[in-house]
Enquirer: 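Submitted below is the structure of interest, expressed as structure tokens.
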Protein chains: 2
Amino acid sequence: MPAQTEPRIPLSRDRVLLAAVKIADDHGIGALTMRRLAEEVGAEAMSLYYHVAKKDDVLDGVTEVIATEIVDAAGRIAVPADGSDWKADGSDWKKAVRERILAARGVFLQHKWAAGVFGTRTTTSPAVLRYYDGLIGLMRAGGFSHDLTHHAMHALGSRALGFTQELFTPPDGPVTEESLAAIAQMADVYPHLTGMLSEVAHDDPESTLGWCDDQSEFEFGLDLILDGLDRLRAEGWQAH
Amino acid sequence: MPAQTEPRIPLSRDRVLLAAVKIADDHGIGALTMRRLAEEVGAEAMSLYYHVAKKDDVLDGVTEVIATEIVDAAGRIAVPADGSDWKADGSDWKKAVRERILAARGVFLQHKWAAGVFGTRTTTSPAVLRYYDGLIGLMRAGGFSHDLTHHAMHALGSRALGFTQELFTPPDGPVTEESLAAIAQMADVYPHLTGMLSEVAHDDPESTLGWCDDQSEFEFGLDLILDGLDRLRAEGWQAH
DNA sequence: ACCTGAACACCGTTCAAGT
DNA sequence: ACCTGAACACCGTTCAAGT
């Protein structure tokens, strides 16, 4: 028997990208460095550069990986995509689009770092384009003009992919006596904000979800937009 | 005459933060390093740490600077905030909120790097809270319940501050024969997307704005949301 | 063709030392 | 109280060298 080295799985772009996703999932996007990534695949940092151009290329790659997960998840939604047997009033498009967007959101909930990375990419990944292509197809089948569909995509923005940039974030954790008191103390500086929060908390005192239920709020905003779009479609909206 | 050193403006947190904004404005957020920042204020990098805790503190600080600009811009909008002389149908709230949001958007257009930084902050800046407080006050004056106002803030998301995460970005630059041909070539992979884009381009062939007019699209999405909220308010929407 | 060691030019940050 | 020089532990990336 000749001297034999460990039968190592050869490096590949795919293996590098999947390892990158794993690192971000397990330790956050901050832990994703070229050296840490090399360690994960059992190689030296410099070996990575044979399979990816630079770190930016890794980030484009993980975006594509996540986007592919989204396309797959959306594709699994059993709603007819061609609209052939839809109700005559065209209302089915909304359910089809809504369920695909919520499926996309499910993917981002499993990769919490991913929304931030998507925001930094300058080129749009092919898988993201395929996902948007599917949404556009559903809206067209539902009776939308190309022009209104175009506006719709912009109106939805990142919400079409299942996430939003939340800048209005009441304190984490459950509603407690202490946090309520802390809010009340700011009443002179932010009278309307504190008024709103204390009433919202009062309405649902035994809430275990904390101040805001992210899922409900996402669906509220999504439905608001989809309902508005449906109304424009039904009214025969024209460009102006 | 005794030997005299140059009368240097003493360092201060404010001076550091304003210099940071200037660097990001002039050279992008990537150019904002502690060493570069020190150079800008005419000191050594380590001197900064007497005035800011760490780089994260600098980013919190510039967020506060930009947010203060937004509050100021919104405050300059001459719309009665207390609703005392508003139309009985309450429709004035929408104009007041809309104009403030567009004023906020104007600030982000002057600091293109800022939206990205806002997205990375974990704590909400006091100035952002003041801005939201103002919006909430306007909606309350317009007849919104606390509960619907709360949902409204979540529905608007970052759009309330004047920016959106655009993931659907058709090619930059003007619509040319070449770019149209490039789009047509992808028709087999993205049939709905290419169909939409070629028709949108065809409808406005001499557009100098390129594929999409960002300002119009922002206003379309904003109005869609505001109109939907106004409808819910008029219908006496209740939590469910 | 694939992988690596040594090295370069950067980072943010600590710490002891200066005035 | 305010500022600094030297140093540390990291980055991403290049390049010549190995198999």
Side-chain angles (χ1 to χ4, degrees), chain A residues 2-24 26-64 113 116-117 119-123, chain B residues 2-24 26-64 113 116-117 119-123:
Chain A
Q4 191 176 327
T5 57
E6 276 284 331
R8 301 209 141 224
I9 310 164
L11 236 48
S12 72
R13 185 181 159 85
D14 265 9
R15 228 161 66 76
V16 169
L17 296 182
L18 290 180
V21 169
K22 181 168 167 44
I23 291 171
D26 293 350
H27 306 99
I29 192 69
L32 180 55
T33 70
M34 296 304 274
R35 284 169 170 85
R36 178 81 183 73
L37 183 50
E39 193 183 320
E40 184 77 23
V41 296
E44 296 303 311
M46 315 318 145
S47 310
L48 301 174
Y49 286 88
Y50 195 84
H51 302 277
V52 296
K54 46 206 295 224
K55 189 176 182 185
D56 235 47
D57 190 24
V58 174
L59 295 177
D60 282 339
V62 297
T63 300
E64 184 69 9
W113 49 274
V117 174
T120 66
R121 300 300 83 200
T122 51
T123 56
Chain B
Q4 192 175 324
T5 57
E6 276 284 328
R8 303 210 140 222
I9 310 163
L11 236 46
S12 72
R13 184 180 161 86
D14 265 8
R15 227 161 66 76
V16 169
L17 297 181
L18 291 179
V21 169
K22 179 167 170 44
I23 291 172
D26 293 350
H27 306 99
I29 193 70
L32 180 56
T33 68
M34 296 303 274
R35 284 169 169 85
R36 178 80 183 73
L37 183 51
E39 194 182 320
E40 183 77 24
V41 296
E44 296 302 312
M46 316 316 145
S47 310
L48 301 174
Y49 287 87
Y50 195 85
H51 302 277
V52 296
K54 47 206 293 224
K55 190 178 181 183
D56 235 48
D57 190 24
V58 174
L59 294 177
D60 282 340
V62 297
T63 300
E64 185 69 9
W113 50 272
V117 174
T120 66
R121 300 300 85 202
T122 51
T123 57

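Throughout, a chain's letter reflects where its sequence line sits, starting with A, and its residues are numbered from 1. Computed from heavy atoms alone, side chains included, the values below leave out hydrogens, waters and symmetry copies. Because the structure is a prediction, the values reported are computed rather than measured.
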Enquirer: What integer distance in Å separates A:Asp56:CG from D:dC11:C1'?
Expert: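 Computing the A:Asp56:CG to D:dC11:C1' distance gives 15 Å.
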
Enquirer: What integer distance in Å separates B:Leu32:CG from C:dC10:P?
Expert: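 Spelled out: CG on B:Leu32 to P on C:dC10 is 17 Å.
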
Enquirer: Heavy atoms only, 4.0 Å cut-off, all strands: where does B:Met46 land among base, sugar-phosphate and nothing?
Expert: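 Base contact.
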
Enquirer: For the CD1 atom of B:Ile23 and the CG atom of B:Leu18, what is their distance to the nearest 0.5 Å?
Expert: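 The distance works out to 11.5 Å.
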
Enquirer: What distance separates A:His27 NE2 from A:Lys22 NZ, expressed to the nearest 0.5 Å?
Expert: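 Answer for the NE2-NZ pair, A:His27 versus A:Lys22, is 7.5 Å.
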
Enquirer: B:Leu48 has an atom CG; how far is it from atom C1' of D:dC3, in whole Å?
Expert: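 The answer, rounded to whole Å, is 11 Å.
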
Enquirer: Measure the distance from CZ on B:Arg35 to C1' on D:dG5 and round it to the nearest whole Å.
Expert: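 The distance from CZ of B:Arg35 to C1' of D:dG5 comes to 12 Å, rounded to the nearest Å.
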
Enquirer: Please state how far atom CD in A:Glu39 lies from atom C1' in C:dC3, giving the value in whole angstrom units.
Expert: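 Answer to the nearest Å: 17 Å.
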
Enquirer: Nearest to the side chain of A:His51 - D:dT4, C:dC3, C:dT13?
Expert: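 Between D:dT4, C:dC3, C:dT13, the one nearest the side chain of A:His51 would be C:dC3.
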
Enquirer: Reckon B:Lys54 has a side-chain N or O less than 4.0 Å from the OP1 or OP2 of C:dG12?
Expert: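 Negative; the distance criterion is not met.
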
Enquirer: Between A:Glu40 and A:Arg36 (salt bridge meaning N to carboxylate O under 4.0 Å), is one present in this structure?
Expert: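 Looking at A:Glu40 and A:Arg36, the cut-off is met.
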
Enquirer: Nearest of D:dT4, D:dT14, C:dT4 to any side-chain atom of A:Ala43?
Expert: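 Output: C:dT4.
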
Enquirer: From CE of B:Met34 over to P of D:dC11, roughly how many Å is that when rounded to an integer?
Expert: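 Checked: the CE to P distance equals 19 Å.
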
Enquirer: What is the distance, to the nearest angstrom, from the CD atom on B:Glu44 to the C1' atom on C:dT13?
Expert: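 Answer to the nearest Å: 15 Å.
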
Enquirer: Which residue, B:Asp60, B:Leu32, B:Thr63, forms the side-chain contact (heavy atoms from CB on, under 4.5 Å) with B:Val117?
Expert: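 Testing B:Val117 for a side-chain contact (heavy atoms from CB on, under 4.5 Å) against B:Asp60, B:Leu32, B:Thr63 leaves exactly one candidate, B:Thr63.
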
Enquirer: Please check the phosphate of C:dC2 (OP1 and OP2 only) for any side-chain N or O of A:Tyr50 closer than 4.0 Å.
Expert: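 Result: yes.
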
Enquirer: Does the structure show a Watson-Crick or G-U wobble partner for D:dT4, both distances under 3.5 Å? Name it, or say none.
Expert: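 D:dT4 is paired, partner C:dA16.
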
Enquirer: If you define the side chain from C-beta out and look only at heavy atoms, does anything of A:Lys55 sit under 4.5 Å from A:Leu37?
Expert: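 They are not in side-chain contact.
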
Enquirer: Assign A:Thr33 to base, sugar-phosphate, or nothing according to its heavy-atom contacts below 4.0 angstrom with the strands shown.
Expert: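 Sugar-phosphate contact only - A:Thr33 comes under 4.0 Å of backbone atoms but never of a base.
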
Enquirer: Take atom CZ of A:Arg36 and atom P of D:dG12, then tell me their distance rounded to the nearest Å.
Expert: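 Distance, rounded to whole Å: 12 Å.
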
